[in-house]
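Proteins come first, then strands; the chains are lettered A, B, ... in the order of their sequence lines, and each starts at number 1.
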Amino acid sequence: MIDINLIRENPELVRENIKKKFQDRKLPLVDEVLTLDKRRRELQQEGDSLRAQRNAAAKQIGVLMREGKKDEAEKEKVLSRQLNDRIAQIEEECAQTEVALKKAMSSIPNMIADRVPIGKDDSENVQGKVFLEAKKKPFEVPYHVDILEKLGGIDLDSARRTSGNGFYYLTGDVARLHSAILTYARDFMIDKGFTYCIPPFMIRSEVVSGVMSFEEMEGMMYKIEGEDLYLIGTSEHSMIGRFMGQTLSEGELPQTLTSYSPCFRKEKGSHGIEERGIYRIHQFEKQEMIVICKPEDSEKWYEKLWNYTVELFVSMEIPVRQLICCSGDLADLKYESCDVEAWSPRQGKYFEVGSCSNLTDAQARRLNIKYKNEATGKNEYAHTLNNTVVAPPRMLIAFLENHLREDGSVYIPEVLRKYMGGKTQITPKK
RNA sequence: GCAGAGAUGGCGGAGUGGUCGAACGCGCACGACUCGAAAUCGUGUUACGUAGGAAUACGUACGGGGGUUCGAAUCCCUCUCUCUGCGCCA
């Protein structure tokens, strides 16, 4: 949600931003907001003055009652009741106007960064920097599930029986590798000065509707039967929820947090769960980073964050690139976003393993996350950012494909060995 | 899970139907005193919305939501959370 003052003072800027995102159908929303906003203010003024009258009358009644002038008090009461009827009418209309205003406001996209490339959809995203050489293997790289099966590291048949499609059993060294990657990633972020956090894996509906739209909720969230609780789709949900309605002191910023959680997603719509293997699944685990900072620092943090992910993958000797999200592919809440993509030697292309976003104050405004600006003495909206550190088992696809050797063994990079009991490779089961 | 008690400003803590946005204390800010500081004294100090250049005015908010009333921090319902005791468990 953007600042309504920006629409009041500079609607043309907001319209241009909408055009940049190829959402011309939303252009009328700007005028709609202006009209609703004007009406809302009129209604508030009218309501306020009526309430002021009622408050004065109520005080007067108190005085009359004390003086024992019961008849006069009764007359005042009648007038007060009439006032209350009118107040109720205006409050009703005011509430309706506010709902409509909020709805229109929340459909207007966040202002995007100047440097965001203009493009209509994901086909026009722009490759940024490339890290490590993306090499084809001198032999054919099998589908990741086949690699996993050869290693004795996955049991999808049993998972389908117990839980259905979209689940997995990871076993043996592969399961250990999965944990090793998460543990390594956790320590990597701690070394960068982030605070490790294990959040609740379930959150209330109030928080869910704060952190996502109704449509997103329908498509993603699993509800716990008989409880007002949902399984989180990412730790960002509970991590950002943690700060809802809070005003932090300036000294508490930036909050630099790295959180671990399992993630649960229905994966309704979009690609569904059709993709085989462990690319798109109902349950996975993720190490995440989130930053809450002062407005002037968010661009700097954005750069740092996605580079941390790159550094992590490079340290595991996996080639990656930055893919810069173009204007049309940018979600409405985002100011700027990019994916970190890992190289797939099998497909000969990169695929998404992480996503970094600067939401500026749009998410904070929606969730009422503020900080006290010492200089101005005012409470102002903070900026929020989030980024994937690593999310296995999807990440394992990149890992296995890149570190597979011709003999079917999988190489374990130096940095992970201490989490793998010193092993330098995983070998196929006979 | 059961029973009882409770939730008030940055903190502690009064307030049980009207003049309460909230006593008092602490903290914080500014000023006076001082060579400087402590102590002391004085002044100020919630947030949000609307109008205004501003001073300010009005409105809203005493855990959340709803109700009773001319009027609710105060009464009623409900939800959440905290504390104490019992139960249960990793």
Side-chain angles (χ1 to χ4, degrees), chain A residues 1-9 33-102 104-106 198-211 223-230 237-238 241-253 262 361 364-382:
Chain A
M1 206 184 278
I2 63 169
D3 189 351
I4 195 160
N5 284 311
L6 188 65
I7 302 181
R8 284 180 195 157
E9 287 157 19
V33 164
L34 287 170
T35 310
L36 286 167
D37 178 46
K38 185 161 170 270
R39 182 66 188 143
R40 203 208 104 237
R41 285 192 278 178
E42 285 166 6
L43 286 166
Q44 180 177 346
Q45 281 181 42
E46 200 177 339
D48 281 357
S49 77
L50 286 171
R51 270 188 292 267
Q53 283 179 49
R54 181 191 60 192
N55 290 345
K59 243 174 217 178
Q60 184 59 25
I61 291 169
V63 172
L64 291 171
M65 294 290 273
R66 210 163 315 113
E67 289 171 356
K69 298 175 182 169
K70 274 201 170 168
D71 291 351
E72 283 179 53
E74 285 304 322
K75 273 184 214 160
E76 280 290 331
K77 280 190 192 182
V78 174
L79 290 172
S80 275
R81 274 189 212 110
Q82 288 169 354
L83 268 176
N84 269 339
D85 289 344
R86 284 176 60 202
I87 289 170
Q89 274 173 29
I90 285 166
E91 280 179 348
E92 170 71 21
E93 195 187 340
C94 195
Q96 283 172 9
T97 310
E98 259 167 29
V99 168
L101 181 62
K102 210 173 169 188
M105 280 295 290
S106 59
I198 302 174
F201 301 156
M202 298 183 203
I203 49 175
R204 292 215 172 97
S205 55
E206 181 197 1
V207 180
V208 176
S209 51
V211 296
K223 172 139 180 46
I224 303 297
E225 191 178 347
E227 310 263 341
D228 179 31
L229 285 173
Y230 291 78
H237 295 155
S238 33
R242 185 180 178 201
F243 296 97
M244 274 172 79
Q246 303 290 303
T247 301
L248 300 162
S249 70
E250 201 173 308
E252 288 174 296
L253 296 182
D361 61 357
R365 180 170 290 108
R366 190 171 150 166
L367 299 178
N368 201 21
I369 301 172
K370 295 185 170 182
Y371 77 102
K372 190 170 176 76
N373 184 326
E374 300 293 347
T376 63
K378 291 276 177 202
N379 292 340
E380 293 173 7
Y381 290 108

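- Nucleotides B:rU60 and B:rA7, compared at atom P, are 24 Å apart to the nearest Å.
- Atom pair A:L36:CG and B:rG49:P shows a separation of 18 Å (rounding to whole Å applied).
- Contact annotation: A:R8 reaches the phosphate of B:rU50 (side-chain N/O to OP1 or OP2, under 4.0 Å).
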Before you tell me yes or no, could you show the steps for A:E74 and A:K77 under salt bridge (charged side-chain N to carboxylate O under 4.0 Å, His left out), namely the whole-Å CA-CA distance, both residues' side-chain angles and the distance that decides it to 0.1 Å? CA-CA 5 Å; A:E74 285 304 322; A:K77 280 190 192 182; 3.6 Å; yes
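- Among the protein residues, A:Q45 comes within range of the sugar-phosphate backbone only, with heavy atoms under 4.0 Å from sugar or phosphate atoms but none that close to a base.
- Side-chain atoms of A:R81 and A:N84 form no donor-acceptor pair, as typed in the model, at a separation below 3.5 Å.
- Between A:K69 and A:E76, no side-chain nitrogen of the basic residue sits less than 4.0 Å from a carboxylate oxygen of the acidic one, so the salt-bridge criterion is not met.
- B:rU16 and B:rG21: their P atoms are spaced 15 Å apart (whole Å).
- For B:rU34, there is no paired base (Watson-Crick or G-U wobble, both distances below 3.5 Å).
- With B:rG59, B:rU50, B:rU60 as the choices, the nucleotide that has an atom nearest any side-chain atom of A:A52 turns out to be B:rG59.
- Residue contacts for A:K370: at a heavy-atom cut-off of 4.0 Å it reaches the sugar-phosphate backbone alone, with no base atom in range.
- Checking the phosphate oxygens (OP1, OP2) of B:rC70, no side-chain nitrogen or oxygen of A:N84 falls inside 4.0 Å.
- The closest side-chain donor-acceptor pair between A:R86 and A:Q82, if any, does not fall under 3.5 angstrom.
- The same atom, C1', is picked in B:rU78 and in B:rC28; the two are 39 Å apart, to the nearest Å.
- Looking at heavy-atom distances under 4.0 Å, A:A57 makes no contact with the nucleic acid at all.
- In this structure, A:K372 places its NZ atom 11 Å from C1' of B:rA29, rounding to the nearest Å.
- Look at CG on A:N368: it is 13 Å from C1' on B:rG49, rounded to the nearest Å.
- Mapped onto RNA chain B by nearest heavy atom, A:K378 and A:S80 fall at different nucleotides, with A:K378 at the one closer to the 5' end.
- Of the P atoms belonging to B:rC20 and B:rG59, the separation is 15 Å, rounded to the nearest Å.
- Checking B:rG85 for Watson-Crick or G-U wobble geometry (two distances, each under 3.5 Å) identifies B:rC2 as its partner.
- A:R86 places its CZ atom 16 Å from the C1' atom of B:rC70, with the value rounded to the nearest Å.
- Expressed to the nearest 0.5 Å, how far CZ of A:R51 lies from CD of A:E46 amounts to 10.5 Å.
- Base-pair partner of B:rA61: B:rU46 (Watson-Crick or G-U wobble, both distances under 3.5 Å).
- Between A:R41 and B:rA51 there is a side-chain N or O to OP1 or OP2 distance below 4.0 Å.
- As rounded to the nearest Å, B:rU46 and B:rG27 have C1' atoms that lie 14 Å from one another.
- Salt-bridge formation is detected for the pair A:E42/A:K38: a Lys NZ or Arg NE/NH1/NH2 atom is positioned less than 4.0 Å from an Asp or Glu carboxylate oxygen.
- One can place CD1 of A:I61 at 18 Å from P of B:rG17, the figure rounded to the nearest angstrom.
- Remark: the separation of the C1' atoms in B:rC70 and B:rG65 is 24 Å, to the nearest Å.
- Nucleic acid contact for A:R365: none, since no nucleic acid atom lies under 4.0 Å from a heavy atom of the residue.
- In this structure, CD of A:E76 is placed 13 Å from P of B:rG71, rounded to the nearest angstrom.
- Remark: B:rG12 base-pairs with B:rC24. Criterion, Watson-Crick or G-U wobble with two distances under 3.5 Å.
- The side chain of A:R204 places an N or O atom within less than 4.0 Å of a non-bridging phosphate oxygen (OP1 or OP2) of B:rC81.
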Decide yes or no on side chain to side chain donor-acceptor pair (under 3.5 Å) for A:R41 and A:Q45, but give the supporting numbers first. CA-CA 6 Å; A:R41 285 192 278 178; A:Q45 281 181 42; over 6 Å; no
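- Between the side chains of A:E92 and A:Q96, a donor-acceptor pair is found at a separation under 3.5 Å.
- With a 3.5 Å ceiling on both atom-pair distances, the Watson-Crick or G-U wobble partner of B:rU56 is B:rA51.
- We find that CG of A:N379 is positioned 10 Å from P of B:rG49, with the value rounded to whole Å.
- Counting to the nearest Å, the P atom of B:rA47 and the OH atom of A:Y371 are 16 Å from each other.
- Residue A:R54 places at least one side-chain N or O closer than 4.0 Å to OP1 or OP2 of B:rU60.
- Across all strands shown, B:rG17 forms no Watson-Crick or G-U wobble pair with both distances under 3.5 Å.
- B:rA7 is paired with B:rU80 under the Watson-Crick or G-U wobble criterion, all donor-acceptor distances under 3.5 Å.
- Between B:rG87 and B:rG13, the distance separating the two C1' atoms is 35 Å to the nearest Å.
- Side-chain nitrogen and oxygen atoms of A:N55 include at least one within less than 4.0 Å of the OP1 or OP2 phosphate oxygen of B:rU60.
- Atom C1' of B:rC33 sits at a distance of 11 Å from the matching atom of B:rA39, rounded to the whole Å.
- No contact: A:D228 has no heavy atom under 4.0 Å from any strand.
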